Structure formats: structure tokens, C-alpha cells
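Below is one structure; the comments refer to it alone.
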Amino acid sequence: MAVAEAGEFYNIISILSGDTRDYLIFNKGDEVKISDLNAPILGIYFSASWCPHCKSFNSQLTEVYNNLSSENKGFQIVLISLDWSEEEFNEYFSPMPWLAVPFSEWETRQRLTDLFKITGIPTLITLDGKSGRFMSNEVAEFVVEYGSRAYPFTLERVKELKDEKETMIKNQTLESLLVSHERDYVLSSKGNKVTVGELEGIVVGLYFSHNSGNQFTSTLSQLHEKLREQGQKFEIIMVPSDEDRSTLDRSISTTQWLTVPFKDKTVEHLIEYFEVSNYPTLVIIGSDGKTLNFNATDIIENYGVEAVEWFPFSNEKLRIMEEIERTNMELQTLESLLISRELDYVVRKDRRKVPVLDLVGKTVILYFSAEWSRSCREFQPKLISYYDELKKKQSPFEIVFISSDQDQCSYENFFSSMPWLALLFEDARKSPLKRALKVRSIPSLVVIGPDGKTVSKNGKKLLMTYGADAFPFTDERIQELKKSSRRSEVNFKELASEGEANEAMDTVAFDLIDKFASMIPNKLQHEIHEEHELVLTRLDYGEGYCCYECELSCERWSYRCNECDFDLHPLCALDPIE
């Protein structure tokens, strides 16, 4: 974000010009003199092709720019590229309808970055086009939240929009959400019109999903059916985003849900109104038309079909749920986790039973994994090595494999390579364990201490960082390791790009982006961990990790998944995988 202060004045011609250049360029090379800009509002856009958030923001910004241009609002944008090569710049700039400082003007681009104290991208600042007065450094956020309605992108205008939204929330009804000038109905699975008025007095779930064929959709469908069997008045309405028509129709026909018509104008409004940024999102609207829960997906992911107990997912129900979970954690023992009626054992590979009581008093690692997962297959040899090392030390511990495999054959094939214990593939304890320990991704290692309490849910990260020395995984032990650790000498991969950008990134390798934060995205998606976004994270002193790609010990900065035990060193994350 930018940290220049509002109210400062800048000479627009001076700051955008170069030593011998008094013009800006369009993507086809056409030149426009800076003195001829004549735009009431001038946006200066700091961005780069390597930044995933910039790419997603570009489509929103382009739509806003085109809307304002068609309305003759007088909004102009100048791109300040932080790309590392002219080829990248040209490809990135080619679809943009606005102006740019030429890529060859490295000094001008760097001067503007320093002038406006840019520390992250995408950043869009605005200046008064006539006086040069600095107006706002939060324009990117305004564009994302309000689109072209935020013009002229001032705090006063945003306050007006917020006040409007508060009034809408106060007066919210199901009709105000779903009815438009063109339509007062939603569609059934057979394509029949169901008027929104028919849904009054019913709890409604508005389901936002990019992929209606995912596992959550299946769980939600089962939950919906069970609630209806119990006589609960509950309807789910799909809010289709960018799915193709055939996928949507297939989902509706199998789930018997309702849907907002495909490509209806209301969809964009609902996404904006509920600030939907993650998928899937399930918004719960109460029988009075007011919002009960802005996203109930966590509850359903944790409890599955058994989430019926917490319907309609109101704040009151959630407080009761949290209190029960807190009590269960305080009373947790190994027996309470692993014993369920006659299921009081785990098994060896030959299916011989080992009583759970034989494990009491030991550190027990619950290993959630599956053969179909590449991450699990690649992690398993490392875990076997750590297991063997700890067994040689006669450490009082054991590992229990809890499978997420999809069939018996895969389970047996994967378990056959493991030297530890397991629950059977068909064991009914698996789902309750995942729910109780809130395991949402694999591989995951949950460490249960000798007293039966959860020591750590980040066992994988601790093993990858400290190896077998992490045992017994307690906070005290990890603090000891942190204090005794020393900065590792890491041989970073050499970037393919050359010149000043390469020199800057070499500095990143050793200063670990403290100085060059503006050249590195805050968040990104990576093809070896596609399921979640990676967040640039500054670690505590002495805290280390093992980079998933280069497998070297690293410190200080990581692209980290906040939902999994997954870390990439910045250079590994930014380098293309060969």
C-alpha cells in the first residue's frame, strides 16, 4: 500500500516526465503529452505481471475505467510497472486501456515508487488532475468493494456508500436481496419460477461457489436433505458466479436447490453486498429476512451432516457450540478421542488389534493422510525417517494413520509402506476425529501429549523445521530449539532474469525482502499448492522452516499457507517451476 499523505501537492508534469521525455504511451505505442492529460482525477497504478493479486485486480479496474469513460467522468490512469523485463511489461500492458510510463524509464518508475512510498502492490493512488493534490492511497480497496460507484474515490464518497449499505442492512428483507426490476422469482431445479414471496418465513442459504461439483456441495446437499426430513423450513439458493451453464444445471438437478437465473445482474450485487471473496461461501438468511451468518461453511466442513444440530447457525447457536468445544478440549483424553463404544483399538498392518489403553501415557501423533495426495506421498518418506530415528532413541511415542483415501485398495497400498499403526479404512471414528481436531487439509500431524491433551496441530511443520529433535513437540521444547538455532546458510536458486531486477532479487535472497518489499507480492497462488493462497509472512527471530520445494532450512520470511503446514522460500515461490 502507499503511505503518502493526503493534501500534499505534486507537479504532475514534473513527476511523470523523464529527462528527455514529456509524454506517456498507450499499449500500441501511441504517445500522449503529459501536459494534455486534462483529467479531473488522475490515478497512478503501481502493478506487475508477476503479482497474482494485480492480475485479478486488473479485470475489476478495467471494468471501472471503461464504465467511467463511457459516462465521461474524466478518469485517467497511468501504469507504473514493476516488471523485470520489457517483454513481461509489453505482454502485461497490452490489454490495458490506459496509459503508462515507458518500461525503459527505470529511473522514473523507481522515483515514483519512492516518492509515494509504495510498499506493496497492487496500489492505485489518485491525484487531483488540475492541482496535483494527493487525494487517496486506498483507491484499489475502493474499486474492489464499490466498483465505479466509488468515483471520485474520496473518503467522503466511500462514507456515503457505507451509510447507504448500513441503511440497506437495517431494512434488509429477502425480497430486497433477490428481487430486481426485471424479476421477482428464482428458478427451481426443473426451471419453474418460484416467487421470492413464497420463501418468506423460511431460513435461506445463499450458496456462492465457483465449482458446484466440489466436496462441500455434496456435504451441503446431504445436510439440506436431512434438515428437510426433520421438517425444518430451509431452502438453498445457488448464486452462480463464473460457472458454465451446464455445470450449474447439473448441480441444481442433483441437489434439488433453487437458483438465481444464470448471469443475472443480481449476482454481482449479492457478491458485493456480502463481500464474498472466498469460495465456497454460504450466507444464512433468517426467517425474518435478516442475515444470521455471513459464512457458515466452517461449521458444515467441521461437523458435516451432523451440523443439523446447530441449525440455523445463528450467533446464539454458535456460542453454545463454542462452549461445548471448549469444554471438550479441557476434558480431552486419548481415550475420549480414540475410544467409541466397542471401537477401543487401533491396528497393525496385519490387522492385529492394539488396545488404545496401551498407548495411554505416550505421545501419540495422529497422521491424517491419503495416497491420492501428492503432498502426502512426498512427505511420507521423511516421516518414516523421523519415526525410525525416534524409535532408535526409544522415545515414548507412536503414530496412528487416519486415512482420507477413497477406497479400500488405496488405503491398504498406502498403509503397507508405513511402520506404524492405523485406524481401519471403514472405521467410524475417522470423521469425528477430523471434526474434533478441525483437520481441514492433508498431510496433517496432530500431536497428543502423554496426558491426552493436544500439544500441537502443526506437527508436520515442527518435524520439517527441527527434525526428530522436535520431540515431544511441546512449546517448551520448541522454545529451546529456537533459542539454540542459528541462521542457516542457504544456497538460493539463481533467478533466470538479468540486470537490475536480478541484482535486486539477489539482495532479496540475503536481506530477505526487508528492503525490496514493494517488488514482491503479499499473496500468491502456486502450482505445487493450488488449494490455498500463500501469504508472505515474517517469522519470529529464530523460527525456521523447511522449504517445500528446495527442502533447505530457511528463516525470516516465508510464503506460508495459513491453513496447512506449508512453506515456500520467497525465491522458490517466485521462480517458475522447471
Side-chain angles (χ1 to χ4, degrees), residues 56 172 174 177-178 202-228 232 234-243 247-248 251-252 254-260 267-268 270-287 290-322 324-325 368 404 430-442 444 457 523 525 529-535 561-564 566:
S56 61
Q172 176 182 302
L174 198 60
L177 291 173
L178 296 176
I202 295 175
V203 177
V204 170
L206 299 178
Y207 183 39
F208 301 81
S209 174
H210 276 320
N211 176 14
S212 55
N214 58 32
Q215 180 58 46
F216 181 81
T217 296
S218 176
T219 303
L220 181 58
S221 179
Q222 295 172 44
L223 174 67
H224 180 235
E225 290 177 12
K226 189 164 185 177
L227 284 167
R228 296 182 74 174
Q232 299 281 8
F234 181 47
E235 290 291 349
I236 295 175
I237 301 176
M238 290 280 294
V239 184
S241 50
D242 60 354
E243 298 182 77
T247 302
L248 175 64
S251 175
I252 295 300
T254 57
T255 58
Q256 302 300 307
W257 294 341
L258 303 172
T259 181
V260 173
V267 171
E268 184 178 343
L270 289 171
I271 291 173
E272 178 185 311
Y273 181 80
F274 289 110
E275 300 179 7
V276 176
S277 57
N278 297 313
Y279 295 89
T281 288
L282 180 67
V283 178
I284 305 297
I285 308 299
S287 57
K290 301 296 188 288
T291 305
L292 284 179
N293 193 313
F294 282 91
N295 195 356
T297 55
D298 281 352
I299 304 168
I300 296 167
E301 284 180 338
N302 287 339
Y303 285 86
V305 179
E306 293 178 28
V308 294
E309 181 180 355
W310 308 114
F311 181 81
F313 318 119
S314 60
N315 288 333
E316 181 182 357
K317 285 280 188 178
L318 297 187
R319 280 193 293 270
I320 296 172
M321 180 187 72
E322 290 168 359
I324 291 174
E325 288 182 345
F368 297 86
S404 294
K430 295 194 300 182
S431 292
L433 271 172
K434 290 179 184 177
R435 183 175 68 246
L437 299 171
K438 297 186 177 179
V439 175
R440 298 180 184 173
S441 60
I442 55 174
S444 183
K457 293 182 180 179
K523 298 178 182 179
Q525 298 284 150
H529 192 76
E530 295 178 337
E531 55 266 43
H532 300 122
E533 193 172 55
L534 303 181
V535 179
C561 175
N562 289 329
E563 300 188 43
C564 308
F566 185 92

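These numbers were taken from a predicted model, which means no experiment stands behind them. Scope of the values below: all heavy atoms of this structure, side chains included, with no hydrogens, waters or symmetry mates. Sequence positions, counted from 1, serve as the residue numbers for this chain.
Note that NZ of K290 and CG of L174 are 11.0 Å apart. Values are rounded to the nearest 0.5 Å. Here the straight-line distance linking atom CZ of F311 with atom CG of L227 works out to 5.5 Å at 0.5 Å rounding. Interatomic distance, T297 OG1 to L282 CG, rounded to the nearest 0.5 Å: 7.5 Å. Of the inter-residue distances, the one linking S444 atom OG with K457 atom NZ reads 9.0 Å to the nearest 0.5 angstrom. Interatomic distance, E301 CD to L220 CG, rounded to the nearest 0.5 Å: 10.5 Å. Going from atom CZ of R228 over to atom CD1 of I236 covers 9.0 Å, rounded to the nearest 0.5 Å.
Closest heavy-atom contact between F313 and N293: O-ND2, 3.2 Å. Among all heavy-atom pairs drawn from T219 and G304, the shortest one is CG2-CA, 3.8 Å. Between G205 and F234, the closest heavy-atom pair is N-CE1, 3.6 Å. Closest approach of A296 and I284 over heavy atoms only: CB-CG1, 3.9 Å.
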- Task: Assess whether side-chain contact (heavy atoms from CB on, under 4.5 Å) is satisfied between I299 and L318, documenting all intermediate values.
- Result: CA-CA 9 Å; I299 304 168; L318 297 187; 3.1 Å; yes

- With side-chain contact (heavy atoms from CB on, under 4.5 Å) as the test, would you mind laying out the steps for I237 and T259 before giving the verdict? CA-CA 5 Å; I237 301 176; T259 181; 5.5 Å; no

- Hey, mind stepping through I300 and F216 against side-chain contact (heavy atoms from CB on, under 4.5 Å) and telling me if it holds? CA-CA 8 Å; I300 296 167; F216 181 81; 3.7 Å; yes

- Apply side-chain contact (heavy atoms from CB on, under 4.5 Å) to S404 and K434, showing your working. CA-CA 10 Å; S404 294; K434 290 179 184 177; 2.7 Å; yes

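At most 12 non-hydrogen atoms from other residues, nucleotides or ligands lie less than 6.0 angstrom from NZ of K523.
When side chains are defined from C-beta on, M238 does not count as touching L258, because their heavy atoms never get closer than 4.5 Å. At least one side-chain heavy atom of V260 sits under 4.5 Å from a side-chain heavy atom of P240. Here the side chains of V283 and N295 are not in contact, with every heavy-atom distance at 4.5 Å or above. Side chains of T281 and F274 form no contact here, defined as non-hydrogen atoms less than 4.5 Å apart.
When each of L206, I285, L177 is tested with T291 by the rule side-chain contact (heavy atoms from CB on, under 4.5 Å), just one qualifies, namely I285.
Between W257 and Y207, the angle of the ring planes goes over 60°, which puts this pair in the perpendicular group of the 30/60° scheme.
Screening residues 303-318 for side chain to side chain donor-acceptor pair (under 3.5 Å) gives Y303-E325, E306-R435 as the qualifying pairs, with residues at least two apart or on separate chains.
Under the rule for a salt bridge (Lys or Arg N to Asp or Glu O under 4.0 Å), E268 has no partner lying at least two apart in sequence or in another chain.
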